2 protein chains.
Amino acid sequence: MPAGPFQPFAHLHPVAPPVATDTRENVLLAAGEVFAHRGFKDATIREICERADANIAAVSYHFGDKAGLYAAVLEYAYAIASQRAPIEAFFAHANTPEQKLRAMVEMMFTRIVDQGRPSWHGVLMAREMVEPTSALDHVVTQSIAPMWKRMTDIVHAFLGPHASEAEITAAGNSIVGQILHYKHARPIIVRMQHGQAYSSEQIDYWARHVADFSVAGLHALRAAIDQRSTPTHDSGAFS
Amino acid sequence: MPAGPFQPFAHLHPVAPPVATDTRENVLLAAGEVFAHRGFKDATIREICERADANIAAVSYHFGDKAGLYAAVLEYAYAIASQRAPIEAFFAHANTPEQKLRAMVEMMFTRIVDQGRPSWHGVLMAREMVEPTSALDHVVTQSIAPMWKRMTDIVHAFLGPHASEAEITAAGNSIVGQILHYKHARPIIVRMQHGQAYSSEQIDYWARHVADFSVAGLHALRAAIDQRSTPTHDSGAFS
DNA sequence: AGACTATTCAAACACTCGTTTGAAACACAC
DNA sequence: GTGTGTTTCAAACGAGTGTTTGAATAGTCT
């Protein structure tokens with residue numbers, strides 16, 4: 001067994017973050033792409049190391065495991081995602097619930113569906129929801145749960161204080177589901193809905209549509225809730 | 001190479017459908033479960049044959065290939081799905097567009113999210129949309145395209161004659177996305193939204209919610225379309 | 001019964017995967 | 001330079017995969 005220096009320089013330079021050998025970071029970057037593209041199980045260490053110009057054994061040496069590499073990638077992706085496109089930036093000028101909802105939709109489209117930048121963090125999260133790995137616990141507490149909290153808070157503000165928990169989660173699922181559909185069903189969308197699918201303009205259009213569609217759904221749900229919780233006394237009147 | 005009798009009894013009894021040896025049908029049934037549960041790639045023919053009490057070589061003998069088995073399963077699932085829960089039954093008493101939409105949502109929930117019966121056809125279709133196999137072409141022309149046509153027809157009826165194609169497909173995606181979310185994100189939904197998730201009552205509730213939510217979204221979109229295509233002439237008025 | 005085909009079976013083959021190995025190459029203090 | 005610890009490398013290992021093989025069994029018609 002190798003000496004296993006999984007935390008290199010741990011006892012020196014307590015300042016600098018991981019610091020990362022060249023190959024270590026190369027493997028991390030390549031692994032991010034491959035994991036995001038193929039998923040944990042279908043990704044092969046050989047492809048990752050080939051893209052990183054590294055030897056197969058590099059994974060075992062630097063990360064111990066395939067699972068260890070995956071965990072490191074998640075950490076790395078989380079770090080650069082929150083650094084490069086911080087969540088708060090999307091909500092900077094969002095004051096009303098509707099503005100917050102639109103910011104939320106835009107952010108999720110940017111992080112999950114858009115693909116240009118090295119932003120595989122959203123993609124990995126989306127994958128983790130569909131086919132969880134052993135890293136799910138960590139992903140949930142670090143990323144998914146806070147995001148879901150933010151979403152349900154917005155929905156709650158829309159639906160008012162009388163909304164039940166079931167209504168809030170159902171509405172949240174409706175919004176998230178619309179967005180994730182463009183990621184999950186991408187192959188079939190590209191195939192059946194011709195036109196230059198997944199261009200930036202197209203994604204912008206979809207994001208606006210999902211926001212509009214959801215706002216209408218939320219307003220209708222709010223109306224039903226209000227009518228239920230404060231029934232009109234002149235019950236004979238039309239709607 | 002074996003004699004390869006892929007169409008057994010082809011020259012005899014031109015009447016009876018495949019007739020199917022015991023083991024052939026057993027393998028077909030077991031393969032349906034395993035493919036639906038694990039997906040094409042992660043399903044192993046060893047597990048399939050074990051569940052079917054058949055020898056490993058049975059797949060090669062009866063279906064030629066793992067891909068051949070998968071294609072046969074799709075055909076088989078399509079046949080029993082359209083026999084057991086025929087689509088038209090859902091639309092029997094649906095006359096208005098809204099009733100048709102509700103029937104559509106209910107049907108998709110029943111076929112894809114519900115899990116009781118041997119109804120892996122919907123599950124396999126949903127899988128094929130996310131990670132297509134070589135059978136995608138066939139699945140699209142046989143199942144997905146007709147279903148999508150039905151959906152867009154309903155949406156078109158909702159949105160009126162002035163709706164653009166982009167608006168129709170986006171609205172269709174919003175509806176389908178909401179439904180499929182309950183299938184794809186099932187692990188995370190079960191985990192985060194406690195309570196007895198995926199009970200029959202829960203699924204009914206979700207189906208009703210998705211229909212309500214979508215109807216509201218469609219009405220709002222319709223209003224925007226009508227306002228755009230027949231602009232009010234007293235343009236000075238407040239909206 | 002006999003001849004012939006269809007079907008089943010245990011075993012093996014070829015391949016890919018993640019992981020390990022032991023030696024070589026490197027870095028750097030002394 | 002020598003010595004020590006870190007990092008890379010080609011090669012192999014062991015487990016799991018789909019597929020094939022060739023013999024054994026079951027079935028069916030004459």
Side-chain angles (χ1 to χ4, degrees), chain A residues 1-13 16 18-28 30-31 34-35 37-73 131 133-135, chain B residues 1-13 16 18-28 30-31 34-35 37-73 131 133-135:
Chain A
M1 62 196 78
F6 290 163
Q7 297 98 6
F9 318 131
H11 48 103
L12 308 174
H13 311 303
V19 172
T21 321
D22 263 347
T23 73
R24 195 188 128 98
E25 185 150 8
N26 285 342
V27 170
L28 225 36
V34 177
F35 280 136
H37 190 241
R38 305 213 191 269
F40 176 74
K41 190 159 187 176
D42 286 357
T44 75
I45 293 189
R46 285 180 165 82
E47 179 182 1
I48 292 172
C49 291
E50 195 170 355
R51 286 209 204 186
D53 272 324
N55 189 273
I56 319 275
V59 169
S60 167
Y61 180 74
H62 286 285
F63 307 96
D65 241 1
K66 187 185 181 185
L69 169 61
Y70 183 68
V73 166
E131 37 188 18
T133 72
S134 58
Chain B
M1 62 194 80
F6 291 164
Q7 297 100 8
F9 319 131
H11 48 103
L12 307 175
H13 310 302
V19 172
T21 321
D22 263 350
T23 72
R24 194 188 129 99
E25 186 150 8
N26 285 343
V27 170
L28 225 38
V34 178
F35 279 136
H37 190 241
R38 305 212 192 269
F40 176 75
K41 190 158 187 178
D42 286 357
T44 76
I45 67 177
R46 281 180 167 83
E47 179 182 1
I48 292 171
C49 291
E50 196 171 353
R51 286 208 203 187
D53 271 324
N55 190 274
I56 318 276
V59 169
S60 166
Y61 179 73
H62 285 286
F63 308 96
D65 240 1
K66 186 185 181 184
L69 169 61
Y70 183 69
V73 165
E131 36 188 16
T133 72
S134 59

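Computed over heavy atoms, backbone and side chain alike; hydrogens, waters and symmetry mates excluded. So you know, we letter chains A, B, ... as the sequences are listed, proteins then strands, and number each from 1. What you are looking at is a predicted structure, and each value in this text was computed from that prediction instead of being measured.
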[X] vs [N]: side-chain N/O to OP1/OP2 distance below 4.0 Å:
| X | N | answer |
| --- | --- | --- |
| A:Thr23 | D:dT7 | no |
| B:His62 | C:dT8 | yes |
| A:Asn55 | D:dA10 | yes |
| A:Ser60 | C:dT20 | yes |

- Member of A:Asn26, A:Val59, A:Thr44 meeting the side-chain contact (heavy atoms from CB on, under 4.5 Å) criterion with A:Cys49: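 Exactly one option meets the side-chain contact (heavy atoms from CB on, under 4.5 Å) with A:Cys49, and it is A:Val59.
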
Provide, to the nearest angstrom, the distance between the [atom1] atom belonging to [X] and the [atom2] atom belonging to [N].
| X | N | atom1 | atom2 | value |
| --- | --- | --- | --- | --- |
| A:Asp42 | C:dT16 | CG | C1' | 13 Å |
| A:Arg38 | C:dC17 | CZ | P | 10 Å |
| B:Phe63 | C:dT7 | CZ | P | 11 Å |
| A:Ile48 | C:dC17 | CD1 | P | 11 Å |
| A:Asp22 | D:dT7 | CG | C1' | 12 Å |
| B:Ile56 | C:dT8 | CD1 | P | 14 Å |
| B:Glu47 | D:dT17 | CD | C1' | 13 Å |
| B:Ile45 | C:dC13 | CD1 | C1' | 14 Å |

- Item | Pair B:Phe35-B:Leu69, side chain to side chain contact (heavy atoms under 4.5 Å, CB included): steps then yes or no | CA-CA 10 Å; B:Phe35 279 136; B:Leu69 169 61; 4.0 Å; yes

- Item | Side chains of A:Lys41 and A:Glu131 in contact at under 4.5 Å (non-hydrogen atoms) |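 No, too far: nothing below the 4.5 Å cut-off.
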
- Query: So which one's nearest nucleotide on DNA chain D is more toward 5', A:Asp53 or B:Lys41?
  - Reply: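 Its nearest nucleotide lies further toward 5', so the answer is A:Asp53.
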
- Message: Between A:Asn55 and A:Tyr61, does the side chain to side chain contact (heavy atoms under 4.5 Å, CB included) criterion hold? Intermediate values first, please.
- Response: CA-CA 10 Å; A:Asn55 189 273; A:Tyr61 180 74; over 6 Å; no

- Verdict with supporting geometry, B:His62 and B:Thr23, side chain to side chain contact (heavy atoms under 4.5 Å, CB included): CA-CA 9 Å; B:His62 285 286; B:Thr23 72; 3.5 Å; yes

- When we call it a touch if two heavy atoms are under 4.0 Å apart, what does B:Ala43 touch: a base, just sugar-phosphate, or nothing? sugar-phosphate

- Classify the side chain of B:Arg46 and the base of D:dG16 as holding, or not holding, a donor-acceptor pair under 3.5 Å.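 No, the side chain and the base share no sub-3.5 Å donor-acceptor pair.
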
- Note on the structure: Out of D:dA10, C:dG18, D:dT21, minimum distance to the side chain of A:Lys66 belongs to C:dG18

- Query: Taking the side chain of B:Tyr61 as heavy atoms from C-beta outward, which of C:dT20, C:dT8, C:dA10 is closest to it?
  - Reply: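 So the nucleotide nearest the side chain must be C:dT8.
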
